[in-house]
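Reckoned from all heavy atoms, side chains included, excluding hydrogens, waters and symmetry mates. On a predicted model such as this, the values are computed, not experimentally measured, just so you know.
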Amino acid sequence: MYNTIKTPLVHITRRKDIVWYRAWLIRILAIVLALILCGIITTFVVHINPIEVYKTMISGNFGTTRKIWFMGQDLATLLIISLALAPAFRMRFWNLGGDGQALMGCFGAAACMILFSGSVPNWLMLIMMFAAALFCGMLWAVIPAFFKAKWNTNETLFTLMMNYLATQIIAFFVVVWENPKGSSKIGIINQRSRIGWLPEIGGNKYILIIIVAIVLAVVMFIYMRYSKHGYEIAVVGESEPTARYVGIKVKKVILRTLLLSGAICGLAGFLMVSSTNHTLTTTLVGGRGFTGVMVAWLAKFNPFFMILTSFLLVFLNRGASEISTMFGFNDSFGAILTGIILFFIIGCEFFLNYEMHFRKRAKKEVE
Amino acid sequence: MDNKTPVLQLRNITKRFGDITANEKVDLDVYKGEILALLGENGSGKTTLMNMISGIYFPDEGEILVNGRQVAISKPEDAFELGIGMIHQHFKLVDVLTATENIILGLKEKGGLDLKNAAKKIRQICDTYGFEIDPAQKIYNMSVSQKQTVEIVKVLYRNADILILDEPTAVLTPQETEKLFQVLRNMKRDGKSVIIITHKMNEVLEISDRVAILRKGRYICDMETKNANVQELTDAMVGHSVTLNIDRPEPLDPKPRILVEHLTVKSQDGVTKLNDISFEARSGEILGIAGIAGSGQKELLEAIAGLQPAENGHVYFVEDNGEKEDLIGMDPLKIAAKGVSLSFVPEDRLGMGLVGNMDLAENMMLRSFRRGKSVFTDRKYPYDLAEHVVKELDVNTPSIATPVRKLSGGNVQKVLVGREISSAPMVLLTAYAVRGLDINSSYTIYDLINRQKKNGVAVVYVGEDLDVLLELCDRILVLCDGKVSGLVDGKNAVKNEVGLMMTKVGGGAANV
Amino acid sequence: MFDIVAFIPRAVVQGIPLLFGCVGETITEKSGNLNLGTPGIMYVGGICGVIGAFLYEQKAGAHMIGFLAIAIPILCCLIGSLLMGLIYCFLTVTLRANQNVTGLAMTTFGVGIGNFFGGSLIKLSGADVPSIALSKTHAFISATLPFAKKLGWFGKIFLSYGFLAYAAIAMAIIAAIMLKKTRAGLNLRAIGESPATADAAGISVIRYKYIVTCMGAMIAGLGGLYYVMDFASGVWSNDAFGDRGWLAIALVIFTIWRPNIAIFASILFGGLCILHMFIPTGTNLAVKELYKGIPYLVTIIVLIITSLRNKRENQPPGSLGLSYFREDR
């Protein structure tokens with residue numbers, strides 16, 4: 001029949017503006033929905049009621065003082081790496097190499113501990129470790145940055161491959177520095193002498209990294225928001241032609257920002273080796289460089305929001321791992337829940353940027 | 001003319017984008033075998049209206065009738081099926097495909113992909129209407145006019161009976177325009193209906209049978225072209241009489257300021273964009289640059305501003321005392337510090353010069369953020385400057401903290417030009433400063449430029465509209481294919497001669 | 001001595017998962033979708049196949065029917081990867097989310113799914129076996145032509161593979177022909193270059209993106225299946241698939257978006273991955289670890305070389321990574 005008019009069912013338009021509380025409402029709703037779905041799925045897998053699931057998750061994070069400190073340390077490590085990545089992403093440089101950069105930081109610190117232990121005083125050792133960790137992290141970040149700046153080489157895959165290269169290099173040295181022989185790992189380094197171990201604050205080895213993370217979040221916020229460098233990063237990220245037009249040296253900014261990124265990742269590595277773990281393995285960073293991408297992106301590169309997003313992901317992961325241990329499953333359950341919550345948060349952006357108009361006339365035509 | 005049959009009827013069409021009403025209650029009829037000119041200023045809603053007929057947008061209200069039958073055109077396919085084809089201002093062609101591939105793209109013909117057969121059919125269409133294209137040529141190797149031809153053939157290949165052309169002559173030389181009009185007449189003879197969107201009066205009079213006028217999204221009136229005159233059309237289009245005269249004060253004590261000698265610039269893939277260009281820009285004078293789009297205007301300004309590396313030649317900055325300094329190879333920052341200021345309005349407006357997601361103050365900061373030794377940016381100065389520009393140039397914005405991408409085109413341009421002028425430049429390079437602006441905003445910009453001229457600034461004005469160039473500029477440099485085709489005096493220049501120079505170096509016989 | 005007759009078949013079996021991934025990602029990218037979730041999809045494809053095969057082996061016991069033993073894992077694999085493709089499409093095409101972030105989230109999710117079910121399948125299903133070793137299914141899927149062994153080196157190099165390996169090569173050739181010679185391929189290329197143009201030409205951009213991306217996901221998923229069922233003899237071990245998904249994505253760039261080149265490129269990369277087994281290092285285990293880094297180093301070099309080439313035809317699809325919204329002006 002040619003007099004029936006086919007109006008599109010849903011008509012989507014770009015939103016002009018959204019009031020802040022509505023935006024937050026949508027985001028919180030998405031997270032709540034995701035948590036509900038996570039609860040349902042968990043219920044199906046382990047056959048306990050949903051309330052129990054959430055309880056277990058909470059107790060996995062906050063159950064004991066020890067767990068709280070663990071979580072704090074986990075959170076701080078993830079936050080530092082995310083903070084490292086944020087300025088690069090602000091510049092639209094997809095640095096997926098956080099893992100490799102942090103791992104190389106660990107390597108630099110651990111190498112100093114192993115090679116120079118006994119020959120230098122502790123304070124000098126710590127300085128050397130710090131310098132070596134930062135240097136290695138920066139090196140691992142600046143190589144892809146150089147090629148990106150020079151020939152626009154695809155940085156996403158480049159930084160990713162650098163992760164694997166870092167892993168293989170560590171694997172090489174794990175064999176070389178194996179201790180004790182035949183264990184195929186490097187045990188706790190300098191367990192007796194504690195050379196190269198950062199002092200514990202108030203008898204707690206987790207406080208330091210947490211303090212560093214908080215300070216870094218504030219500094220990064222100021223750097224990105226108020227400094228000239230931060231402004232340049234924003235301009236390069238928004239529009240490269242404009243940056244060149246006002247005389248910003250794009251290549252220089254790319255290199256400088258990635259040096260910063262790498263240095264902070266290196267710092268994270270230094271803290272992991274020197275303050276909390278005192279060892280070197282290929283999985284020390286544990287994919288945080290990858291998760292950090294999500295943390296930074298979900299927070300729209302705002303360091304303070306990144307505290308929230310990294311908390312969310314750490315909470316889920318630790319909660320899931322608590323459930324896994326309780327029921328004898330492996331740790332990957334956390335990755336599934338993380339994935340689900342990410343899908344929801346990523347998807348909800350749509351409702352912040354677009355409006356949907358449903359067909360209005362439909363009813364009238366029926367009548 | 002009595003037995004005219006309407007092939008397309010629009011009734012009460014309304015379209016809104018957020019708070020902006022692009023079209024309000026528009027009625028329009030198109031008849032078989034006529035050329036209808038759709039006349040209106042930029043921003044009057046012509047393109048939006050036509051986009052609704054071709055399925056790009058869907059109207060919020062109103063109905064469309066094709067051959068007397070009510071239809072819903074919710075996607076471009078629907079338009080094709082109804083025999084409607086639109087040639088957009090920005091060509092919808094895929095650069096890496098050939099002409100043939102582009103033409104048959106999206107067709108739902110039976111059978112497999114048969115490029116040979118398609119090429120044959122394309123040649124037939126070309127012969128019928130008088131086009132010249134090579135079906136196997138890749139789009140990125142084509143000139144603008146060739147691309148347009150591909151677009152038209154594409155529509156004809158789909159047996160369209162109603163053709164809509166959105167400002168087809170904007171990118172063509174007068175000669176190419178003439179050729180296009182001949183083709184359009186051939187189509188009309190063939191019984192096809194043609195709608196041509198334009199704001200150029202002479203074209204309306206030359207090609208159309210009937211003219212319909214839109215103003216601020218509303219339908220105003222339509223009339224037979226043979227009964228219309230320029231004044232009447234202008235009044236209907238603008239709403240009130242405007243003086244078409246642009247001020248041109250006598251240059252005061254012009255002195256050489258920029259001296260370009262044998263400048264050659266190549267693009268990254270090695271194509272020569274500027275070939276041995278030499279000229280002089282003087283203080284207190286407006287030097288116009290005319291040429292078909294893509295003749296090297298962009299490269300020329302960018303080379304002066306230090307954004308394009310030069311293959312060969314010199315660009316001298318001349319001080320009042322006659323001292324010369326070569327700008328080639330100099331850092332863009334240093335060139336800007338000398339007082340050379342570039343305001344370039346690219347096609348997408350925000351591509352260069354402004355950052356869409358940043359607010360007005362942050363955009364003002366682009367030029368000033370380096371000031372001072374502090375590692376932090378000074379936020380007060382750009383904020384004050386933004387307020388000043390908003391007030392001075394009458395920028396319509398909700399606040400200083402509004403991202404510029406949310407402003408309308410004219411206001412964006414005012415922000416850009418306002419910032420560039422604020423630095424009290426010695427040389428002002430502007431390109432397409434009035435592109436996409438309504439008449440009032442355009443005049444504000446001309447005024448601004450003239451004020452700079454009176455202050456002794458050497459202005460280089462790259463423009464698209466020949467009429468404006470002829471009225472505004474003291475001298476006009478014509479570029480053709482990267483070469484200097486001629487230099488004429490603004491007051492004595494004849495439009496047709498300039499047009500010829502644009503197509504052929506030296507302007508062919510006209511220059512003898 | 002370097003044993004070429006032993007080397008080539010091993011390079012091929014290493015390369016086949018990469019080839020699946022690369023072909024799937026290539027057609028996906030041709031539609032303008034940069035799917036960084038491919039590594040996750042390959043995990044999901046693999047584990048779904050494992051789950052299907054596991055349940056069937058449990059159920060059928062000794063009376064397995066060849067056809068079902070092959071069809072069930074493949075079908076499960078395709079369904080799993082299809083779902084992943086749909087998630088990606090829904091987020092990036094319908095909801096226009098950022099493709100990079102969506103892809104990374106999918107990889108996290110997919111690898112999680114793979115490792116979780118791989119590690120917990122026995123417990124979940126309450127089966128009475130010590131580990132997942134689907135040797136029977138492996139025997140069906142990796143069956144070669146009976147006379148292949150009699151043909152000496154020729155049989156070894158060309159005929160010693162399971163049918164999925166030939167399917168991968170066939171799929172690459174079909175994809176190449178589809179892109180170059182068919183109407184759908186032309187439409188697809190246009191969408192990837194400029195969705196607005198394709199849309200204006202009346203091509204349903206969203207439908208194409210959905211179909212092609214889901215097809216790409218399914219092809220990539222088969223790579224995961226091939227890896228477990230054929231290459232790894234039906235034994236799933238967590239994280240064993242490793243980074244092959246990322247190498248597959250890198251291969252897309254290396255092969256300048258041409259599936260036919262991917263056949264040779266993936267085998268070449270397969271060879272690089274196992275080179276460390278063929279370079280004599282004696283008892284020095286540490287150096288072997290360094291040799292394992294060769295594929296990544298080569299990938300980096302390839303990326304750099306590719307970025308140096310500037311020919312117009314060799315560039316990525318113009319709209320790669322960007323979401324399309326018709327009313328954006």
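- Annotation: cation-pi geometry satisfied between Arg96(C) and Tyr354(A) (NZ/CZ under 6.0 angstrom from ring centroid, within 45° of ring axis).
- The backbone N or O of Ala97(C) lies less than 3.5 Å from no partner atom in the side chain of Glu349(A), so there is not a single donor-acceptor pair.
- Every side chain to side chain contact (heavy atoms under 4.5 Å, CB included) that Thr283(A) has, sequence neighbours left out, goes to Thr281(A).
- Contacts between Asn152(A) and chain C at a heavy-atom distance below 4.5 Å involve the backbone alone (N, CA, C, O).
- Of the listed residues Phe350(A), Phe351(A), Phe173(A), Phe147(A), the one with more heavy-atom pairs under 4.5 angstrom with chain C than any other is Phe350(A).
- No donor-acceptor contact under 3.5 angstrom links the side chains of Glu155(A) and Asn95(A), judged on distance only.
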Begin with the C-alpha distance, continue with both residues' side-chain angles, and end with the deciding distance and a verdict on side-chain contact (heavy atoms from CB on, under 4.5 Å) for Tyr43(C) and Asp239(C).
-> CA-CA 9 Å; Tyr43(C) 264 87; Asp239(C) 285 323; 3.7 Å; yes
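- Using a 4.5 Å heavy-atom cut-off against chain C, the contacting residues of residues 161-171 of chain A are Met161(A), Met162(A), Tyr164(A), Leu165(A), Gln168(A), Ile169(A), Ala171(A).
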Report the C-alpha distance between Cys22(C) and Thr26(C) in whole Å, list the side-chain angles of each, state the deciding distance to 0.1 Å, and finish with yes or no for side-chain contact (heavy atoms from CB on, under 4.5 Å).
-> CA-CA 6 Å; Cys22(C) 178; Thr26(C) 301; 4.0 Å; yes
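- Of the atoms belonging to Leu160(A), it is side-chain heavy atoms, and not backbone ones, that fall under 4.5 Å from chain C.
- Contacts of Ile305(C) with chain A are absent, with no heavy-atom separation under 4.5 Å from either backbone or side chain.
- Residue Thr92(C): no heavy atom, backbone or side chain, is found under 4.5 Å from chain A.
- Residue contact with chain A, scored on non-hydrogen atoms closer than 4.5 Å, involves the side chain of Ile87(C) exclusively.
- By the 30° and 60° cut-offs, the orientation of the rings of Tyr227(C) relative to Phe241(C) is perpendicular.
- Phe117(C) CZ to Ile336(A) CD1: the interatomic distance, rounded to the nearest 0.5 Å, is 5.5 Å.
- For Lys150(A), the side chain to side chain contact (heavy atoms under 4.5 Å, CB included) partners are Phe146(A), not counting sequence neighbours.
- Counting heavy-atom pairs closer than 4.5 Å to chain A, the top-ranked of the candidates Thr94(C), Thr102(C), Asn100(C), Leu308(C) is Asn100(C).
- For the options Leu247(C), Leu36(C), Thr299(C), Asn98(C), heavy-atom pairs under 4.5 Å to chain A are most numerous at Asn98(C).
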Does the pair Asn35(C) and Thr28(C) meet the rule for a side-chain hydrogen bond (donor to acceptor under 3.5 Å, both in side chains), with working shown?
-> CA-CA 7 Å; Asn35(C) 190 352; Thr28(C) 306; 5.3 Å; no
Show the numbers, then the answer: is there a side-chain contact (heavy atoms from CB on, under 4.5 Å) between Tyr296(C) and Asp243(C)?
-> CA-CA 10 Å; Tyr296(C) 315 118; Asp243(C) 44 10; 2.2 Å; yes
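- Listed in order of number, the residues of residues 285-294 of chain A that approach chain C to under 4.5 Å between heavy atoms are Phe290(A), Val293(A), Met294(A).
- Contact count versus chain A (heavy atoms, under 4.5 Å) is highest, among Leu303(C), Asn238(C), Thr306(C), for Leu303(C).
- Only the side chain of Leu91(C) has a heavy atom closer than 4.5 Å to any heavy atom of chain A.
- Looking only at distances, no side-chain donor or acceptor of Tyr88(C) sits under 3.5 Å from a matching main-chain atom of Leu83(C).
- The aromatic rings of Phe254(C) and Phe269(C) are tilted relative to each other, their planes meeting at an angle between 30° and 60°.
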Using the side-chain contact (heavy atoms from CB on, under 4.5 Å) rule, take Ile79(C) and Cys48(C) through it: C-alpha gap first, then chi angles, then the decisive distance, then the call.
-> CA-CA 8 Å; Ile79(C) 291 172; Cys48(C) 287; over 6 Å; no
